[in-house]
A.B. asks: 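Below is the structure I would like to discuss, written out as C-alpha cells.
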Amino acid sequence: MQKFVNPDGIVAHFEGPAVSELARHDPARHRLPVKVTLRGKKGIEDVENVDAFNVLDFFILTTKMADAIDSFTKRQWPRRRAFVYDNNQRLGQEYCVLVLDRIKKVGVLTATEADWTPDANYPVMSNALVEDHLALDAELKFPVVSDQLVAHLKDTGFNFYARSYPVKK
C-alpha cells in the first residue's frame, strides 16, 4: 500500500471555508470549491505537470487522474473542484479533491501509539484494501492507495510521487 506525496520541498495548504467542510469527510456536504496553495522552494515549472498532491490527508488530483482512478476502481469517487496555486499563479490543469468515503481499519497502531503523526512509516495491515484500491484509515483518517492502482497510474503516464507504507504481516 502507498500514499501520494508532494514533490520534495512542497507543502500544500487548503484555504477558505471549504477546510471545515472537508474535515467532516461527508461527501454529501462538499459543495464549495477548494483553493489549494503550494508553498516551497520549487517553482511553478517544477509542479505544473504533477498530477497528485496530498493536503490535510486529502488527495488533490488532476481531473484526468481522478477519471482514471474511477475507471480502474469501477466506482465514481466523490470529488469537488479545486483551484491550485503556486506563488499566486494558478496551475493550468483542472484539479479536484478526491474524497475517500470508504473508511476501513487500515493501520495496526492506535492514534496514541502513532503519536498523532501518521506518515509513510505508519504500519498498515496487509489485507486492508483487498479489492477497494483506495481507503481512509478509520482511526487516523489518512488515505492509502493499492500498489496495483499506483502501478496502473504510472503505466498510464501520470506524473506523481508516492511512498510505500510498511505492511505488518
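Both backbone and side-chain heavy atoms feed into the values below; hydrogens, waters and symmetry mates do not.
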A.B. asks: In the structure I gave you, are the side-chain heavy atoms of Lys3 and Phe142 within less than 4.5 Å of one another anywhere?
C.D. replies: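 Side-chain contact under 4.5 Å: no.
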A.B. asks: At what distance, to the nearest 0.5 angstrom, does NE2 of His13 lie from CZ of Arg39?
C.D. replies: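 His13 atom NE2 to Arg39 atom CZ measures 4.5 Å (nearest 0.5 Å).
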A.B. asks: Let me confirm one number: the NE2-CE distance from His133 to Met1, rounded to the nearest 0.5 Å.
C.D. replies: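 Answer rounded to 0.5 Å: 12.5 Å.
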A.B. asks: Could you tell me the separation between the OG1 atom of Thr62 and the CG atom of Leu91, rounded to the nearest 0.5 Å?
C.D. replies: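 Separation between the atoms: 11.0 Å.
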A.B. asks: Short question: side chain of Ser71, backbone of Asp67 - any donor-acceptor pair under 3.5 Å?
C.D. replies: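 Flag not set: sc Ser71 to bb Asp67 has no pair under 3.5 Å.
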A.B. asks: Tell me whether the NZ or CZ atom of Lys141 lies within the 45° cone about the ring axis of Phe58 and under 6.0 Å from its centre.
C.D. replies: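 Negative - Lys141 is either too far from the ring of Phe58 or too far off its axis.
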A.B. asks: Using 0.5 Å steps for rounding, measure from the CZ atom of Arg79 to the CD1 atom of Ile69.
C.D. replies: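 Output value for this atom pair is 8.5 Å.
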A.B. asks: Side chain to side chain contact (heavy atoms under 4.5 Å, CB included) with Val97: which of Phe53, Phe59, Phe14?
C.D. replies: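 Single pass found, and it is Phe14.
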A.B. asks: Is Asn54 reaching over with its side chain to a backbone N or O of Asn6, donor-acceptor style, under 3.5 angstrom?
C.D. replies: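 No: the side chain of Asn54 does not pair with the backbone of Asn6.
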A.B. asks: Phe158 and Phe4: aromatic ring centres closer than 6.0 Å?
C.D. replies: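 Aromatic pair excluded; centres sit 6.0 Å or further apart.
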A.B. asks: Does Trp77 offer a backbone N or O that forms a donor-acceptor pair with the side chain of Asp70 under 3.5 Å?
C.D. replies: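 Confirmed, Asp70 side chain pairs with Trp77 backbone.
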A.B. asks: Can you list the steps and then say if Arg75 with Asp101 is a salt bridge (charged side-chain N to carboxylate O under 4.0 Å, His left out)?
C.D. replies: CA-CA 11 Å; Arg75 171 163 196 252; Asp101 60 353; 2.8 Å; yes
